[in-house]
Amino acid sequence: MDADINFYFDPVCPFAWMTSKWVRQVQAAREYTVDWRFISLRLINAHGDYDAHFPPEYEAGHTAGLRLLRVAARARAEHGRESIARLYEAFGTRIFEAAPDTDQRTESEMRERRGTREFVEPILAEASLPLELAEALDDDSWDSEIRQETDEALALTGKDVGTPIIHFEPPAGVAFFGPVISRLPDEHSAAELWDHVVGLARFPGFAELKRSLREQPQLPAFGVAADTAGQQEDWHGGSRRQKK
């Protein structure tokens, strides 16, 4: 698919979701086409030590993300690339645009549930896709395709990144991780922010502009309203767990 933007996402990443909402604003304002592609945090960290580097709930969450990407890969194969835009929107809405599920006993259990048929089937229905696509949750034959797309994304930016990865004007255009944003800009600011990000990334030799302090994103799942600023946290290596 020839697109103006290739957007690589893991459906359980809140910062990818926030950035995707911004990119949809830009897409509407500039009439861009977007190809929504896959990158798996579980596969990126396949050989890492979750106990040492992440909070305890992250492994369950990343594993659920991989399971959701299997469903997305099958949806793309059987219903076309255009199905992924609405499926990702349905994933993100269900995961991040509702208050936390207080019926779950632990954060790990809540995140693990995202990789179940009980969780996925209503999302498929909302995206007007067949419920049998949920059978892909346990089908690791899709992992090679997801890994290939993950490797494709990392080849554009290098490996010490997270999600999302954006490739503007592929194949020769600029690619970058993020931007990581915690607040959704208004309609005017959305396009202005896009121009600044792309302008900086296009500068020859530009590599990185970063700070580890992040606000919790303005999403109901974090209890942060759109008119307030989330609590600031210090992140290291894609996690809010501090270095030892």
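Small disclaimer: the values here were computed from a predicted structure and weren't measured. Sequential numbering from 1 along the given sequence is applied to the chain's residues.
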Colleague: So how far is it from Gln25 CD to His188 NE2, rounded to the nearest 0.5 Å?
Modeller: 12.5 Å
Colleague: Should Leu68 and Ile95 count as side-chain neighbours, where that means a heavy-atom distance under 4.5 Å?
Modeller: yes
Colleague: Find the distance between CG (Leu66) and CD1 (Ile146) and round it off to the nearest 0.5 Å.
Modeller: 5.0 Å
Colleague: Can you tell me how the ring of Trp194 sits relative to the ring of Tyr32, calling it parallel under 30°, perpendicular over 60° and tilted otherwise?
Modeller: tilted
Colleague: Measure the shortest side-chain to side-chain distance between Val161 and Leu154 over non-hydrogen atoms and say whether it is less than 4.5 angstrom.
Modeller: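 Contact flag for Val161/Leu154 side chains = yes.
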Colleague: Around atom CG of Asp186, are there more than 12 heavy atoms of other residues, nucleotides or ligands at under 6.0 Å?
Modeller: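 Result for CG/Asp186: enclosed.
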Colleague: Is there a donor-acceptor pair under 3.5 Å between the side chain of Ser108 and the backbone N or O of Ala60?
Modeller: no
Colleague: Judged by atom type as modelled, is there a donor-acceptor pair below 3.5 Å linking the side chain of Asp4 to the main-chain atoms of Thr33?
Modeller: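 Such a contact is found between Asp4 side chain and Thr33 backbone.
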Colleague: Salt bridge check, Arg113 against Glu109: does any charged N sit closer than 4.0 Å to a carboxylate O?
Modeller: no
Colleague: Search all heavy atoms of Leu184 against all heavy atoms of Trp22 and return the closest pair with its distance.
Modeller: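 For Leu184 versus Trp22, the nearest heavy atoms are CD1-N, 3.5 Å.
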Colleague: To the nearest 0.5 angstrom, please state how far the CZ atom of Arg117 sits from the CZ atom of Arg67.
Modeller: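 The CZ atom of Arg117 sits 10.5 Å away from the CZ atom of Arg67.
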Colleague: Taking all non-hydrogen atoms of both residues into account, name the closest pair between Glu215 and Ala229 and its distance.
Modeller: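 Between these two residues, the closest heavy atoms are OE2-CB, 4.1 Å.
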Colleague: Does any non-hydrogen side-chain atom of Arg42 lie less than 4.5 Å from one of Glu59?
Modeller: yes
Colleague: Got a second to check how far Phe177's CZ is from Ile166's CD1, nearest 0.5 Å?
Modeller: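 Those atoms lie 10.5 Å apart.
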Colleague: Would you say the side chain of Glu152 lies within less than 4.5 Å of the side chain of Tyr8, judging by non-hydrogen atoms?
Modeller: yes
Colleague: At their closest point, which heavy atom of Val12 faces which heavy atom of Ala64, and how far apart are they?
Modeller: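 Of all heavy-atom pairs spanning Val12 and Ala64, the closest is CG1-C, 4.4 Å.
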Colleague: Please check if the side chain of Thr19 supplies one atom and the backbone of Ala16 the other of a donor-acceptor pair under 3.5 Å.
Modeller: no
Colleague: Determine whether Phe119 and Arg94 satisfy the following criterion, side chain to side chain contact (heavy atoms under 4.5 Å, CB included), listing intermediate values before the conclusion.
Modeller: CA-CA 9 Å; Phe119 185 80; Arg94 183 62 61 93; 3.6 Å; yes
Colleague: Determine whether a donor-acceptor pair (N or O, by modelled atom type, separation under 3.5 Å) exists between the side chain of Glu57 and the backbone of Arg111.
Modeller: no
Colleague: How about CD on Gln232, more than 12 heavy atoms from neighbouring residues, nucleotides or ligands closer than 6.0 Å, or not?
Modeller: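 Enclosed.
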Colleague: Would Phe15 and Thr163 count as a side chain to side chain contact (heavy atoms under 4.5 Å, CB included) if you check the C-alpha gap in whole Å, the side-chain angles of each, and the deciding distance to 0.1 Å?
Modeller: CA-CA 7 Å; Phe15 293 103; Thr163 62; over 6 Å; no
Colleague: Is any side-chain heavy atom of Arg24 closer than 4.5 Å to a side-chain heavy atom of Glu89?
Modeller: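 With C-beta onward as the side chain, the pair touches.
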Colleague: So does Thr228 get a backbone contact from the side chain of Gln218, meaning a donor-acceptor N/O pair under 3.5 Å?
Modeller: yes
Colleague: Is it true that Leu213 and Val180 fall in one hydrophobic cluster, defined by side-chain heavy atoms closer than 4.5 Å?
Modeller: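 Not linked; separate clusters.
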Colleague: Measure the CD1-CZ distance between Ile84 and Phe7 for me, rounded to the nearest 0.5 Å.
Modeller: 13.5 Å
Colleague: Can you confirm whether Gln216 sits close enough to Pro14 that some side-chain heavy atom of one is under 4.5 Å from a side-chain heavy atom of the other?
Modeller: no
Colleague: Any side-chain to backbone donor/acceptor pair from Trp142 onto Leu69? Under 3.5 Å, distance only.
Modeller: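 No.
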Colleague: Measuring only between side-chain heavy atoms, which start at C-beta, is Glu97 closer than 4.5 Å to Leu219?
Modeller: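 Side chain of Glu97 against side chain of Leu219, heavy atoms only: contact under 4.5 Å found.
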Colleague: Over all heavy atoms of both residues, which pair between Arg70 and Asp140 is shortest? Give the atoms and the distance, please.
Modeller: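 Residues Arg70 and Asp140, closest heavy atoms: NH2-CB, 3.6 Å.
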Colleague: Is there a side-chain contact between Glu233 and Arg214, using heavy atoms and a 4.5 Å cut-off?
Modeller: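 Heavy-atom side-chain distance check fails, nothing below 4.5 Å.
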Colleague: Kindly determine whether Asn45 and Phe54 satisfy side chain to side chain contact (heavy atoms under 4.5 Å, CB included), including the steps that lead there.
Modeller: CA-CA 10 Å; Asn45 294 289; Phe54 294 102; 3.5 Å; yes
Colleague: Could you tabulate the donor-acceptor pairs under 3.5 Å formed by side-chain atoms of residues 122-129, not counting sequence neighbours?
Modeller:
none

Colleague: Evaluate whether atom CD of Glu149 has more than 12 neighbouring non-hydrogen atoms of other residues, nucleotides or ligands under 6.0 angstrom away.
Modeller: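 Yes, because the 6.0 Å sphere around CD of Glu149 holds more than 12 heavy atoms from other groups.
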Colleague: Search all heavy atoms of Val224 against all heavy atoms of Pro217 and return the closest pair with its distance.
Modeller: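 Shortest heavy-atom separation between Val224 and Pro217 comes out as CB-O, 3.5 Å.
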Colleague: To the closest 0.5 Å, what do you measure between CG (Leu156) and CG (Asp151)?
Modeller: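 So the gap between those two atoms works out to 11.0 Å.
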Colleague: Should Leu131 and Val120 be counted in the same cluster of Ile, Leu, Val, Met, Phe, Trp and Tyr side chains packed under 4.5 Å apart?
Modeller: yes
Colleague: Any chance you could lay out the salt bridge (Lys or Arg N to Asp or Glu O under 4.0 Å) test for Asp195 and Arg30, step after step, and finish with the verdict?
Modeller: CA-CA 11 Å; Asp195 290 338; Arg30 299 289 172 84; 2.9 Å; yes
Colleague: Kindly determine whether Phe222 and Gln231 satisfy side chain to side chain contact (heavy atoms under 4.5 Å, CB included), including the steps that lead there.
Modeller: CA-CA 10 Å; Phe222 291 86; Gln231 179 181 343; over 6 Å; no
Colleague: Specify the closest pair of heavy atoms between Tyr88 and Asp10, including all atoms of both residues, with the distance to one decimal.
Modeller: OH-O, 4.5 Å
